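In what follows, a structure is listed as structure tokens, so that the remarks can point back to it.
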Number of protein chains: 2
Amino acid sequence: MKKLAVVLAGNGVFDGAEIHEATLTLYSIEKNGATYEIFAPNIDQHHVINHITGEEMPEKRNVMIEAARIARGKITDLAKFKASDFDALIFPGGFGVAKNLCSFAFDGVDCTVNLDVEKAIRSMIEQKKPVGALCIAPVLLAKILGNVELTIGQDKNTADAIKSMGAKHKDTTHGEVIIDENHKIVTTPCYMLDANISQIGDGANNIVKAILNLA
Amino acid sequence: MKKLAVVLAGNGVFDGAEIHEATLTLYSIEKNGATYEIFAPNIDQHHVINHITGEEMPEKRNVMIEAARIARGKITDLAKFKASDFDALIFPGGFGVAKNLCSFAFDGVDCTVNLDVEKAIRSMIEQKKPVGALCIAPVLLAKILGNVELTIGQDKNTADAIKSMGAKHKDTTHGEVIIDENHKIVTTPCYMLDANISQIGDGANNIVKAILNLA
């Protein structure tokens, strides 16, 4: 049975992992006959957003402790990730990817990437194992790897930033997956488009199938 | 198109709504051709649990603000719920149901139920519209309605408590749904059993189908 590592950026679309994308990725992994282990970096969130008002709350939360809510407590510090234990690595989206896993939300093209995230991605690529990314998470791959082909949907500003990082961007619509066979990189837009939850289910299922085909 | 009201008890299995049950309920509603609106009571959570250690954290969080993370910001105060606007009402599970929507986790048979929750359920029953409950959420229906037939899976202590409240309990396994045709009550065990996420998907899909058949 193939085993995927899933990296979560917290718990909630505006400051963490997008919950529908994260849950439907886990669901798709099991439905397609594979298994998973969940990881998150053990760091403070950039900030905490009230998801009703969109305003910042005067609180501190830890990415790994909050992501454990999606993982039902079964979560591992990303610093302990070993590429040799897994067949593939996958990143659901959410603003937390661009705020906690890297600084793209604030610094754009000049963003920095969390070192454990970079190490996890590079070690998979070195072992020629596939890496998948949903929604905004492909920016991590563009920043770290540069010359890859991927999608974040149709948002021109984000696509332009990705091109500035050296990557090739392909426009996509709901449920579509871009497969870079050379680098074993698969990406799908999910909530980077104006989507409903069944379209997210389609995207998650399609990217998991594609990643398992490459693994 | 049929419209369901979904009530969330927060965001996280140990102190709020179980995230997989909540997300897969929303997904099943759309996949079965219906639509939804999400509600939560505007109250403080009973407490905040660190989902890695299981320990209480020295924080206060609001049920509706946290549930908005699952709802991606689109959530309504349960006090504003009107039965006439919906074809059915459904409660995903999680300890938050037994800690925030009622006090069953602490008071068992003698628990009290949040007044907005009770009003929402009673108003649907008066209008002969179906009410569904996953996981531990059927305790709400047993406490409020008494003489109904339902399931929380196979946990003897919880089943005994439900019987003491005047309800009839039926043991069930993964994905099974108990339908009380007289009262239009449908229930399924989900994570009240030792389940994996694809079994939760089956349970959510089956209960949504059953509730739409009754609606």
Side-chain angles (χ1 to χ4, degrees), chain A residues 10-36 40 42 48-55 57 59-62 64-77 94-96 191 195-202 204-205, chain B residues 10-36 40 42 48-55 57 59-62 64-77 94-96 191 195-202 204-205:
Chain A
N11 174 30
V13 56
F14 299 130
D15 58 17
E18 207 296 314
I19 292 172
H20 304 177
E21 291 174 5
T23 301
L24 290 164
T25 295
L26 303 179
Y27 177 68
S28 297
I29 291 170
E30 264 195 23
K31 274 286 180 188
N32 284 288
T35 184
Y36 60 79
N42 185 7
V48 179
I49 298 290
N50 177 320
H51 277 53
I52 298 176
T53 63
E55 285 166 13
M57 298 171 81
E59 291 189 21
K60 269 183 188 269
R61 296 187 188 181
N62 173 289
M64 185 176 158
I65 292 173
E66 297 309 314
R69 293 174 172 271
I70 297 174
R72 297 171 49 81
K74 290 177 77 175
I75 195 161
T76 305
D77 185 340
F95 277 102
Y191 279 124
N196 58 36
I197 192 168
S198 54
Q199 291 164 329
I200 302 310
D202 293 343
N205 191 48
Chain B
N11 174 29
V13 55
F14 299 130
D15 57 18
E18 208 296 313
I19 291 172
H20 304 177
E21 290 174 6
T23 301
L24 290 165
T25 295
L26 303 179
Y27 177 68
S28 298
I29 290 170
E30 264 195 23
K31 274 285 179 188
N32 285 287
T35 184
Y36 59 79
N42 186 7
V48 180
I49 297 291
N50 176 319
H51 277 52
I52 298 176
T53 64
E55 285 166 13
M57 297 171 82
E59 292 190 19
K60 270 183 187 272
R61 297 188 187 181
N62 174 288
M64 185 176 158
I65 292 173
E66 297 309 315
R69 292 175 173 271
I70 298 174
R72 296 171 49 81
K74 291 177 75 174
I75 196 161
T76 306
D77 185 340
F95 276 101
Y191 279 125
N196 58 37
I197 192 168
S198 53
Q199 290 164 330
I200 301 310
D202 293 342
N205 192 47

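Worth saying up front: this structure is predicted, and the values here are computed from it rather than measured. All chains are named by letter (A, B, ...) in the order of the sequence lines, taking the proteins before the strands, and each is independently numbered beginning at 1.
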Sole residue of I197(B), I200(B), I19(B) in side chain to side chain contact (heavy atoms under 4.5 Å, CB included) with L26(A): I197(B)

Which portion of I49(A) sits near chain B, non-hydrogen atoms under 4.5 angstrom: backbone

Chain B contact via M57(A) - side chain, backbone, both or neither, heavy atoms under 4.5 Å: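 Contact with chain B is through the side chain of M57(A) alone.
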
Spacing of I65(A) atom CD1 and N50(B) atom CG [to the nearest 0.5 Å]: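 Here the rounded value is 4.5 Å.
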
Interatomic distance, E66(A) atom CD to E66(B) atom CD [nearest 0.5 angstrom]: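 E66(A) atom CD to E66(B) atom CD measures 7.5 Å (nearest 0.5 Å).
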
Summary of side-chain hydrogen bond (donor to acceptor under 3.5 Å, both in side chains) pairs that have at least one residue in residues 10-27 of chain B, sequence neighbours excluded: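 Listed by first then second residue: R69(A)-D15(B), R72(A)-E18(B), H20(B)-Y191(B).
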
Chain A interface, residue from K74(B), H51(B), M64(B) that has the most non-hydrogen pairs under 4.5 Å: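 Answer, by heavy-atom pair count under 4.5 Å with chain A: H51(B).
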
Interchain contact, I52(B) with chain A, by part (heavy-atom threshold 4.5 Å):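 Answer is both: backbone and side chain atoms of I52(B) are under 4.5 Å from chain A.
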
Heavy-atom pairs under 4.5 Å with chain B, option from A68(A), G73(A), G12(A), S198(A) with the top count: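 Top count of heavy-atom pairs under 4.5 Å with chain B: S198(A).
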
